[in-house]
Amino acid sequence: MKALPLLLCSVLLCGCQDREARAENAALQARVTELEAQVRAMQGEQETTLPPDAQSVTVRAAGQNCANALTRTLEVFREDSLDDRYPSAAQTQLPAECVDLRVNWVVRSERAYTFTVTDGAGRELARQSGGAPATTSASGG
């Protein structure tokens with residue numbers, strides 16, 4: 001007879017624990033669902049802030065980097081020269097940043113330059129000018 005109240009008490013205790021566990025599981029499931037919704041929202045925001053074509057952005061940045069490095073090279077040469085001139089085609093060495101890109105000289109003289117940087121397909125990635133405006137164009141390497 002003493003076993004019956006203990007058995008009944010243990011059944012009731014298990015029932016209470018089962019309800020508490022279900023409540024905790026439901027609360028945890030609700031939290032997981034909320035966190036998953038937040039992650040989906042963040043992923044959606046990230047997709048809208050990233051450029052649609054990261055490769056083209058990278059190529060354009062490489063072109064601008066090449067143009068900036070070449071401009072620095074030309075300006076340092078001019079500052080160091082006794083007659084304040086830009087280097088000739090033979091004196092110009094393209095910077096390492098211009099590897100795999102093409103530099104096209106639009107204007108090139110001792111006093112001014114304009115060049116474009118293009119990719120392998122011929123798309124213009126960057127354009128830089130410096131010095132006094134010149135009226136003639138020159139070609140070179």
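Only a predicted model underlies this, so the values are computations on that prediction, with no experimental measurement involved. FYI, the numbering just counts along the sequence from 1.
Among all heavy-atom pairs drawn from Gly130 and Glu75, the shortest one is CA-OE2, 4.4 Å. Annotation for Ala67 and Ala126: closest pair CB-CB, 3.8 Å, computed over non-hydrogen atoms. Across all their heavy atoms, Glu97 and Asn65 have their closest contact at CG-ND2, 3.5 Å.
Gln55 and Thr58 share no side-chain donor-acceptor pair at under 3.5 Å. There is no side-chain donor-acceptor pair under 3.5 Å between Thr116 and Arg102. There is a side-chain donor-acceptor pair under 3.5 Å between Asn68 and Gln128. Using a 3.5 Å distance cut-off with no hydrogens or angles, the side chains of Gln91 and Arg85 do pair a donor with an acceptor.
Counting heavy-atom neighbours within 6.0 Å of Asn25 CG, excluding the residue itself, gives a total above 12.
Between Arg31 and Glu34, at least one side-chain N (NZ, or NE/NH1/NH2) sits under 4.0 Å from a carboxylate O, which counts as a salt bridge.
Between Pro87 and Leu74 the shortest side-chain heavy-atom distance falls below 4.5 Å. Using a 4.5 Å heavy-atom threshold, the side chains of Tyr86 and Glu110 count as separate. Counting only heavy atoms from C-beta outward, the side chains of Tyr113 and Thr71 approach each other to under 4.5 Å. At a threshold of 4.5 Å between non-hydrogen side-chain atoms, the residues Val106 and Arg127 count as touching.
In this structure, Met42 CE and Gln38 CD are separated by 8.0 Å, a value rounded to the nearest 0.5 Å. Between the SG atom in Cys66 and the CG atom in Leu125 there is a gap of 9.0 Å [rounded to 0.5 Å].
Val107 and Phe77 fall into different hydrophobic clusters, where Ile, Leu, Val, Met, Phe, Trp and Tyr side chains are chained together by heavy-atom contacts under 4.5 Å. At a threshold of 4.5 Å between side-chain heavy atoms, the hydrophobic network of Ile, Leu, Val, Met, Phe, Trp and Tyr places Leu101 and Trp105 in one connected group.
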Legend entry - Full working for side chain to side chain contact (heavy atoms under 4.5 Å, CB included) between Asp84 and Arg111: CA-CA 8 Å; Asp84 198 39; Arg111 300 287 170 225; 4.2 Å; yes
Inset, instruction - Kindly determine whether Leu70 and Phe115 satisfy side chain to side chain contact (heavy atoms under 4.5 Å, CB included), including the steps that lead there. - result: CA-CA 10 Å; Leu70 181 54; Phe115 64 87; 3.7 Å; yes
Legend entry - CA sep, side-chain torsions, deciding dist, call: Arg108, Ser88, side chain to side chain donor-acceptor pair (under 3.5 Å): CA-CA 8 Å; Arg108 184 177 193 143; Ser88 66; over 6 Å; no
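For Gln93, the side chain to side chain donor-acceptor pair (under 3.5 Å) test picks out no residue, with sequence neighbours left out. Under the salt bridge (charged side-chain N to carboxylate O under 4.0 Å, His left out) criterion, Arg123 pairs with Asp119, sequence neighbours left out.
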